[in-house]
Structure formats: structure tokens, C-alpha cells
Amino acid sequence: MDELLQEFIAETRETLDALGGEIVAWEADPSDRARLDAIFRFVHTVKGSCGFLDLPRLARLSHAAEDVLAAVREGTRAPDRALVDAVLAIVDRIGQLVEAIEGGVSLDDSGEDELIAALAEGSLAAAPVSVGIASRAPSRSVRLNVELLDLMMSGMSDMVLARNELARRLRVENPDPDLEAALERLSATVAEMRDTVTRTRMQKIESLFSALPRMVRDTAAAVGKSVSVHVEGSEVELDREMIEVMRDPLVHIIRNSIDHGIEVPAERRRRGKRENGRLCVSARQSGNQIVLEIADDGAGIDVDRVIAKLVRNGARDERELRQLSDKAKLDLIFEPGLSTKDEVTEISGRGVGMDVVRAALEQIGGRIELDSVLGRGLTITIHVPLTLSIIPTIICGVGDQHYAIPRQAIEEIVSEGAESIRVDRLGGGSVVRVRDRRLPLVDLSERLAIPSHAAPGGRMLAIVTTGTGSFAVAVDQVLDAEELVIKPAAPAIMACGLFAGQTLPDTGKPMLMIDCAGLASDAGLSFVREAMVDDEPAAAEVSQPPALLFRDLDGEVRAIPLAVVDRVDGLADGLIGVSAGKLRLTTDGQIVPLAAFGAWQDRANLSVLRLRDGTTEIGYAIVEPLDIVTLPAEVLPPITPGVVAGTVLINDAPVELVDPHWLFATLADAAPLSDPAARPLCLIDPEDSWLESFVRPMLERSGYRVAATAAPGETPVATICTGPSVINDNKVVRLRPEPTGHVDSIYRYDREAILAAVAVRASALGSRT
Amino acid sequence: MTLFLLAQIAGASVAIDANQVESVVDIGAITPAPRAPAIVRGLAALRSRVVTVLDPRVALGLPPSETTARAVIVRVEGHHYALLVDGLDDVAPFDLEPLANGLTIAPGWREICRGVVTRGDEPVLAIDLAALIPAAGTGALAA
């Protein structure tokens with residue numbers, strides 16, 4: 001049944017139950033104005049809802065009763081016995097009809113005319129006895145106060161904690177197996193119960209999505225664009241509190257997409273896109289997270305313009321910005337007060353930027369990712385936890401004490417003693433250099449005034465990111481990862497601003513959770529820049545490129561030019577495997593070829609250098625990154641060409657320099673990540689599933705773009721077909737299912753021949769133009 | 001007549017309105033709460049709940065209590081607090097009487113004092129535990 005209708009039935013039934021007493025009282029004293037008003041409100045509400053829900057019989061009855069009651073209220077009619085009877089008969093009838101609708105039974109409308117006629121002035125006709133009393137269908141839903149649900153949730157959290165304590169005590173006392181089995185059963189029940197209670201607070205994300213089509217239409221119209229929106233995953237459920245927090249960021253992102261991302265129709269035509277912009281908003285659940293995706297087919301983020309804007313605002317140095325990785329450049333749109341559109345429009349660009357969006361999402365433990373292809377569109381992915389009350393944390397030790405840090409805030413954890421880490425005192429504070437980043441260092445033991453137990457240089461550094469910037473937090477040790485129920489601590493404890501709440505972990509010792517943003521402001525950090533990029537006078541670096549020094553798998557120290565290193569990853573989130581004859585790394589949902597010069601199988605901790613030449617990406621497995629050095633001008637050439645480009649002297653020791661050119665030439669997959677729009681176009685018939693699933697991927701891997709039709713202004717290099725073609729020009733490549741056959745067609749599994757045929761046509765086209 | 005809990009705080013007998021007290025407990029290990037006012041001794045686990053442990057001696061300008069075993073639990077604005085006491089004597093109904101005029105009471109006591117009850121022939125100061133709870137930001141009792 002329709003949700004609105006159900007709501008109406010529940011509401012009407014509720015009011016009717018409450019009205020029961022009023023009706024009896026009004027019957028006893030028809031001049032009672034308060035009672036009259038209550039009944040009038042009821043029929044008035046029913047009438048309003050009926051018009052909306054298209055329930056004509058109910059509408060007619062309630063309308064008639066409303067008219068009469070209005071007359072009584074105005075004093076033009078006296079509430080005599082007959083009138084009261086007639087109104088009450090109608091109220092009863094409304095109740096019967098509502099039950100009938102809910103039960104799905106039909107109730108014939110005989111007698112309803114009489115009921116209405118009985119309302120007429122001077123009518124003596126007694127209200128007919130109601131017919132066919134519908135049996136009240138047992139209700140399958142109740143309406144609950146949200147506060148009650150919250151109470152249930154907090155009770156549930158207490159129950160989880162009580163169970164934890166019980167388990168802890170039993171562990172100490174070495175219980176007999178029966179007791180343990182009972183506890184296990186309790187644990188299972190509690191866990192199940194927790195899920196159920198959590199679900200009671202869930203709401204379909206539909207309540208967030210349903211307003212989008214209208215909003216998109218209005219927003220697009222206001223800026224003279226035409227945008228169609230496609231919504232997916234409305235049935236995904238999310239804590240209702242989360243839905244509320246997500247509302248503003250989502251609206252903001254969508255408005256941005258329409259205003260900044262999607263081009264005006266004329267511009268879209270020029271670029272060979274459909275005039276109608278397309279916006280796709282989808283939600284899905286992934287583990288205990290909800291993933292929201294907002295994808296548009298607009299212009300994408302013009303990184304150069306973002307940089308130009310930031311430089312023009314005077315906040316940032318251009319050279320420094322240009323050196324950032326692609327991802328870091330995209331992330332510049334989260335800089336405060338940035339609007340890439342040059343003029344302020346009515347829709348967006350009023351100073352509320354993506355920085356606010358990101359801060360709002362981080363507040364609830366969410367994160368936001370960007371994937372932009374210039375000219376093709378932008379996809380924004382938002383990850384948020386399912387509920388607010390249970391937070392994944394990392395537990396750290398400082399002195400004798402343990403503190404929780406929200407997992408979401410931590411970028412990585414490094415050891416102070418690692419070779420790639422350097423801590424310096426600088427102007428009264430500490431800074432740490434982690435590979436190519438220089439970050440402020442906050443000593444947690446100092447902020448909490450607890451003596452540290454760590455040996456000098458033996459601390460662990462958690463690199464945390466808050467809405468405004470990143471910094472390193474020094475702790476004595478990193479102990480554990482745990483999901484904790486976090487509750488607010490007493491005001492006197494929260495007052496210092498360092499803590500986000502308290503919790504009782506499995507150890508049974510209460511613990512405080514650190515508020516990273518609070519810690520930063522307590523330590524007096526102010527973030528002007530997202531990360532303090534090395535701003536040492538770089539005299540040597542100007543003439544000679546920097547290189548990353550690392551320990552290779554075979555134990556040798558090698559160097560690689562820093563320019564090709566996109567980033568260094570720990571291997572916890574990736575998988576190495578051999579597929580399609582090459583060693584490959586699976587990470588972040590993509591597969592990249594991997595170079596490994598040494599045994600990688602049995603190593604506990606590997607790192608991977610992610611190398612990029614601008615279009616393709618490969619991985620290079622190493623033991624650990626060591627330092628960033630300046631390459632000397634002199635390189636001793638190797639004896640044979642290979643992965644080693646030569647030997648250089650670094651810190652008076654010979655170091656082999658890895659040749660990125662050789663790596664890419666040997667390892668990189670043929671398919672470049674280049675701008676798809678620039679690739680030569682091949683046409684296939686998308687209805688032909690064999691072409692679609694066999695030929696399309698092969699062509700795309702070989703660097704072609706595949707489509708069903710050419711956009712205006714585009715010239716395809718070839719058209720691939722399997723049957724007799726309707727068009728017949730020299731661009732057609734015909735495939736046949738038999739290995740042998742006529743010379744003007746190619747056996748469809750002869751990969752080389754197909755690619756050669758396409759290549760011939762491509763070069764023919766190229767030479768003509 | 002109101003039910004009062006007779007307890008020892010800072011070597012003195014005090015009467016606490018029993019309606020304020022949720023329970024009387026023995027508390028275990030205390031987790032310090034850094035940067036909190038001095039009256040806050042830290043956090044303790046109590047039947048799977050976290051309570052904030054307060055030391056009334058500090059509010060009275062005395063050095064912190066050396067024993068941290070017994071405490072009375074009060075609930076203020078949704079938070080549970082455990083107030084350390086030296087010992088408990090009795091629970092009995094008393095009439096709350098106003099303080100005699102001209103009586104001088106040391107600062108610290110003055111803020112929490114609500115009147116006097118008479119036990120046998122001995123007057124006992126009735127105190128309001130809620131007045132000991134430090135509010136956020138004020139730090140009035142931090143000394």
C-alpha cells in the first residue's frame with residue numbers, strides 16, 4: 001500500500017480513537033464549543049487528505065459534515081439532536097471506510113446519500129443504522145515517538161557494554177563450558193537485537209532523494225540549463241540522523257554540479273554532448289558504510305583554473321601547487337573560499353564552498369572523494385557510517401593511559417624511528433617530515449600533561465586530517481583497533497575541548513576519545529595551507545631533480561626520480577597476484593601492473609611505489625621508502641640496459657638509479673588513461689552482444705574509443721560489423737564466424753588481423769586529413 | 001521528615017538528601033581525565049557504565065583524598081557522578097532546619113551547605129551534592 005495512504009489511515013484511526021470521548025461529550029452537550037471544534041478539525045483534516053489521496057467517497061462525506069459544522073460554528077444553525085446524530089453517523093462511517101481501505105475490502109455505498117441528506121436542516125430522517133460493519137483489520141504498524149527510539153538505542157548500547165563486562169569477568173574466572181555457551185547465546189542475541197534496534201532508527205534515503213528531481217529542475221532552469229536527474233538506490237536505509245546531516249551537503253554538491261559542472265546547452269553541443277546534462281545520484285550500502293555517488297557529465301574540474309584562482313587570491317604559490325599530485329590538485333577545491341566560477345551566481349558561489357561540505361561530512365565520520373575527467377564530468381563519492389553511535393577507533397597509549405582516536409581521522413601511522421621520518425624543532429614547535437610532506441607535530445603527552453614513557457625517537461606518529469588540515473600526533477604506542485560506543489563525557493571533562501567523548505572498551509577501563517580538531521586548536525595550530533609543502537630554500541633542487549631513495553625487495557638501496565612517483569602505499573589495502581601473465585596489484589578497485597625485483601611473497605610489510613607517467617600507472621614493490629634526495633648530475637651508465645639506468649653517488653655511497661622509462665616501456669598496459677575524447681573512434685552495433693562483449697573491450701584496450709554512432713563533427717576510423725552491413729564504405733571491417741572464408745571479411749577471433757584492419761583504416765583517415 | 005544519608009567527608013559528618021543519591025558503591029580503578037578541573041579525579045567503570053569521579057575534599061580546599069573506594073552516585077543532567085566519601089554512617093529520617101543565624105561556615109562548605117539536621121544532640125551539616133558538580137567552562141571549583 002502507498003506510504004501516504006498508510007500514514008493517512010494511521011492518523012485518521014488515531015484521531016478517531018482520541019475523538020471517541022469528545023463525541024460522547026458533544027452528544028451530551030451540543031453547545032460545547034471546544035468539542036465542536038475538535039470534531040470540525042477532524043472532518044476538515046479528513047477532507048483535505050482525501051482530496052490529496054483521491055478518495056472521493058470519504059471526501060464527499062467529510063465535506064458534507066464540515067459544511068454543517070461550519071454553519072454551527074458560525075451560529076447559523078443550532079446543534080439540535082438530529083444534527084448531532086447525523087454528524088456522528090458520518091464520523092462512524094468515515095471510521096468504517098478507513099478500516100475497509102486498510103483491510104482491502106469493499107464497502108457498498110448504499111445509505112451514504114441518506115447520511116448526507118440527514119444533515120439537511122429540518123431533516124427528520126433518523127440516520128440509518130450503519131451497514132456492514134467492517135471488521136477492524138489488525139494493525140501491522142505502530143507510530144512511535146522518535147525519543148522512544150533514541151531511548152531504546154541508548155539502552156541497547158548499555159546492554160552491549162553490560163555484555164562486554166560479563167564476558168570480561170567470565171574470562172578471568174575460567175568458567176565451565178555450559179556458562180560459556182550461555183554467554184555466547186546471549187552475545188548472539190544482543191548482537192541481533194542491536195541490529196534490530198539500529199534498524200528501527202533507519203529511514204529510507206528516499207526521503208532525501210525524493211526532492212531532488214524538482215530541485216534539479218528548478219536549479220537548472222534558473223541558470224538556463226537543462227539537466228535530467230537519475231536517482232538510484234532510494235531504498236537504501238540510513239540512520240535518520242545521518243539523513244538530516246547529509247541533506248545540506250548533498251544539496252550543495254548538486255547545485256555545484258549544475259551551476260559549475262554541467263555546461264550550457266550551446267557549449268555541450270559544441271563538445272559533441274547531448275544538450276541535456278545528466279546527473280546521476282545513487283546510494284548503496286557497503287559493509288557498515290553508505291556510499292553516495294553524485295555523477296555529472298559536465299566539464300569536470302579544471303585543475304588549472306582552480307590553481308590560477310588560488311594563486312590570484314594570493315594564498316598559494318603556483319610552483320608549489322603545480323608540484324602536487326593529481327589527486328592533491330583535485331582536492332584543492334576543498335580550499336576555503338574557492339569558487340572556480342568567475343562570476344557569482346544566484347545558485348552557488350556565495351562563499352559556502354566545498355570546504356564546508358567536507359567539514360560537515362567529516363563531523364559525522366564521513367569522507368568525500370573526487371574523480372574528475374576534464375571535459376567528461378565529475379563523480380563525487382561520499383562514504384558515511386550507517387549510524388553515529390558506534391565509531392571505529394584506533395587505541396593509542398600515552399604514559400600509562402589509553403586514548404581512542406577516530407579511525408576516520410587517521411591517514412596513516414608511521415614510526416618516528418623510520419628512516420623516511422625526521423622530526424625537527426622549529427620556532428618552539430615541532431615539525432615532522434614524512435616523505436615529501438612537512439607536518440606540524442603535536443605531542444599528545446604534552447597536551448594531556450602526562451609523562452611519556454616512550455624512548456627518545458621511539459614514538460609512533462599518527463597522521464590525522466581534520467576539516468582544515470593535516471598534522472601528526474605523537475603517541476607512545478599504537479595498541480589496537482576497536483569499534484566503540486562513544487558517549488558524551490561529563491561537561492567538566494569535555495570543557496577542555498580535547499575530547500569527543502568517553503567509552504568503555506572491552507578492557508573494562510573507561511577511556512576518552514580524542515577530538516582531533518580540538519587537539520589541533522588546543523595546540524595552537526592554524527592551517528593556512530592544507531599541508532606544509534617543503535619550503536626550504538631549494539637551491540640545489542632547481543638544477544637537479546629530486547629522487548626517492550628506497551630499499552628494494554632484494555635489500556639494495558635504489559633511487560627513482562621523484563617526478564614519476566605518484567605516491568607510496570602500504571600494502572594492507574592491495575593485493576598482489578599474477579593475472580594475464582603479469583604481476584599485478586589490485587587496489588582501490590583498479591588493477592595496475594606491478595614490478596617486483598626480489599621475493600615479495602613472504603614479506604610481512606611491503607610498500608608500493610605508485611608510478612605515473614601522466615597517462616599510465618604502474619606499481620613498484622619495495623620494502624620501504626627511505627628519504628628524498630637530490631640527484632647528482634653525474635650518472636654512471638650501466639653495462640646492459642635494463643631496469644637500472646645507472647649508478648649515482650648519494651651521501652658518498654653508490655646507489656642504483658631506477659629507469660622509469662624502461663619500467664613503463666616494459667610493464668605498462670597498452671591502454672593509456674589518456675583523455676578518451678582524443679582517441680580514435682570505432683563504431684560497433686551495441687545490439688550485437690558478441691561485439692559488445694568481445695570486440696569492444698579489445699578495441700578499448702588497444703586505445704580506441706567505441707560507440708554506437710558518431711557524434712556530429714566526429715569521424716569514425718572504422719565500423720565493425722558481423723553480418724552484412726547496411727553501410728558499405730571502405731571503413732567497414734566485417735567479421736565472420738568461420739575460421740576460413742572470403743577475403744573481404746576477417747575471422748572474428750583473429751585478434752591481430754582485426755586490429756591490423758582497424759589500424760590500416762585509422763592511418764588511411766589520418767593521412768587524408 | 002526527609003530521608004538523609006549520613007556520611008563522612010573530609011573528616012566531618014554530613015547529611016545528604018537520600019533523594020539525590022542513586023546508590024552507594026565501591027569504585028575500582030580510576031582512569032585520569034587530563035586537563036579537567038582538580039575536583040575531577042577521573043573516570044571509573046560502574047556496572048558497564050562510565051561515571052565521573054569527583055573528590056569533594058578538593059572543593060573544600062583540602063588535599064585530595066587518599067582513599068578512593070567508597071562513593072555515592074548522583075545523576076545530574078544525564079551524567080553519572082561518583083562523589084568520594086570517607087565512610088558512611090547511617091540512613092535515617094531527619095528534619096532539615098535552617099542554619100542558626102550568625103554561624104560562620106568556612107568557604108567551600110558555604111557553597112554546598114543547605115541546612116542542619118540534628119542527630120541525637122549533635123548537629124550535622126546537610127549538603128547539596130549537585131552543588132559540587134563542576135559545570136562546563138566555569139572551573140569555579142577547580143581550585
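Below, read A as the first sequence line, B as the second, and so on, with proteins coming before strands; counting in each chain starts at 1. FYI, side chains are in, hydrogens and waters are out, and symmetry mates aren't considered; it's all heavy atoms of this structure.
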**Student:** Measure across B:Pro34 and A:Leu512 and return the closest heavy-atom pair with its distance rounded to 0.1 Å.
**Tutor:**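 Residues B:Pro34 and A:Leu512, closest heavy atoms: CD-CD1, 4.1 Å.
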**Student:** B:Pro32 and A:Tyr403: which non-hydrogen atoms are nearest, and at how many Å?
**Tutor:**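 For B:Pro32 and A:Tyr403, the tightest heavy-atom pair comes out as O-OH, 4.3 Å.
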**Student:** Report the C-alpha distance between B:Val50 and A:Thr503 in whole Å, list the side-chain angles of each, state the deciding distance to 0.1 Å, and finish with yes or no for side chain to side chain contact (heavy atoms under 4.5 Å, CB included).
**Tutor:** CA-CA 7 Å; B:Val50 178; A:Thr503 180; over 6 Å; no
**Student:** Partners of A:Asp522 by side-chain hydrogen bond (donor to acceptor under 3.5 Å, both in side chains), sequence neighbours excluded?
**Tutor:**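 A:Arg447, B:Arg35.
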**Student:** What is the distance from atom CZ of B:Arg49 to atom CD of A:Gln502, rounded to the nearest 0.5 Å?
**Tutor:**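 Answer for the CZ-CD pair, B:Arg49 versus A:Gln502, is 11.5 Å.
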**Student:** Counting C-beta onward and ignoring hydrogens, is there a side-chain heavy-atom pair between A:Ile493 and B:Leu43 closer than 4.5 Å?
**Tutor:**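 Result yes, sub-4.5 Å side-chain heavy-atom pair found.
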**Student:** Treating B:Thr31 as the side-chain partner and A:Pro510 as the backbone partner, does any N or O pair qualify as donor plus acceptor under 3.5 Å?
**Tutor:**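 Answer holds: yes.
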**Student:** Of all residues at least two apart in sequence or in a different chain, which pass the side-chain hydrogen bond (donor to acceptor under 3.5 Å, both in side chains) check with B:Arg70?
**Tutor:**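 Only B:Asp26 meet the side-chain hydrogen bond (donor to acceptor under 3.5 Å, both in side chains) criterion with B:Arg70.
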**Student:** Answer yes or no: does atom CD of B:Glu122 have more than 12 heavy-atom neighbours from other residues, nucleotides or ligands under 6.0 Å?
**Tutor:**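 Counting neighbours around CD of B:Glu122, more than 12 heavy atoms of other residues, nucleotides or ligands fall under 6.0 Å, so yes.
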**Student:** Under a 4.5 Å cutoff for heavy-atom pairs, which residue among A:Ala489, A:Gly497, A:Ala449 has the most contacts with chain B?
**Tutor:**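 Most heavy-atom pairs within the cutoff with chain B belong to A:Ala489.
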**Student:** Tell me, for A:Ile450 versus chain B, whether the close heavy atoms (under 4.5 Å) come from the side chain, the backbone, both or neither.
**Tutor:**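 The side chain, not the backbone.
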**Student:** Surrounding CD of A:Glu180 (heavy atoms of other residues, nucleotides or ligands, distance under 6.0 Å), is the total greater than 12?
**Tutor:**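 Result for CD/A:Glu180: enclosed.
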**Student:** For chain B, find which of A:Gln401, A:His402, A:Met511, A:Lys509 contributes the most heavy-atom pairs closer than 4.5 angstrom.
**Tutor:**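 Looking at each option in turn, the highest pair count goes to A:Gln401.
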